[in-house]
Amino acid sequence: MSGLAAVELAEPFTFVIDSVGVPRVAPRRSEHVVCAGGGPVLGAGEIVEALDAAGIEHPSGFTHEVVFRCCPACSQLNIVWEGDFVCVFWDGELPREWNVDGSGS
């Protein structure tokens, strides 16, 4: 993280867990895609296991779970808000099962 300004180091960091379970961090102003180096990432539910594997202490829970689904009709990535599994792009139904990386049904 060399080259970061002191103000950036004082702010929270953006994080992702890459496809092999390694935590990656970047300045908060970064997009998650940039933080991931453009590669695929694991779901947020994997964060605790990744921190455990890295030997990093952490709280037992996090403040907000974000649920993602890919729309099978239009292929757009959606955030499921308040349990409403509906595509925001055309109002079609989203699958209840994880399908973002192609492993779901």
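Going from atom CD of E93 over to atom CZ of F85 covers 10.0 Å, rounded to the nearest 0.5 Å.
Shortest non-hydrogen contact noted between P95 and P72 is CD-CD, 3.8 Å. Nearest approach of D84 to V80, heavy atoms of both residues: O-CG1, 3.6 Å. The two atoms that bring E97 and R69 nearest to each other are O-NE, 3.0 Å, heavy atoms only.
Here C71 pairs with A73, C74, N78, C87, W90, L94 under the side-chain contact (heavy atoms from CB on, under 4.5 Å) rule; sequence neighbours left out. Among residues two or more places apart in sequence or in another chain, the side-chain contact (heavy atoms from CB on, under 4.5 Å) test is passed with R24 by V16, D18, C35.
Heavy atoms of other residues, nucleotides or ligands lying less than 6.0 angstrom from CD of Q76 number more than 12.
L77 places a side-chain heavy atom less than 4.5 Å from the side chain of F68.
The same ILVMFWY cluster, assembled from side-chain heavy atoms under 4.5 Å apart, contains both W81 and W98. With hydrophobic clusters built from ILVMFWY side chains whose heavy atoms lie under 4.5 angstrom apart, F89 does not share a cluster with I79.
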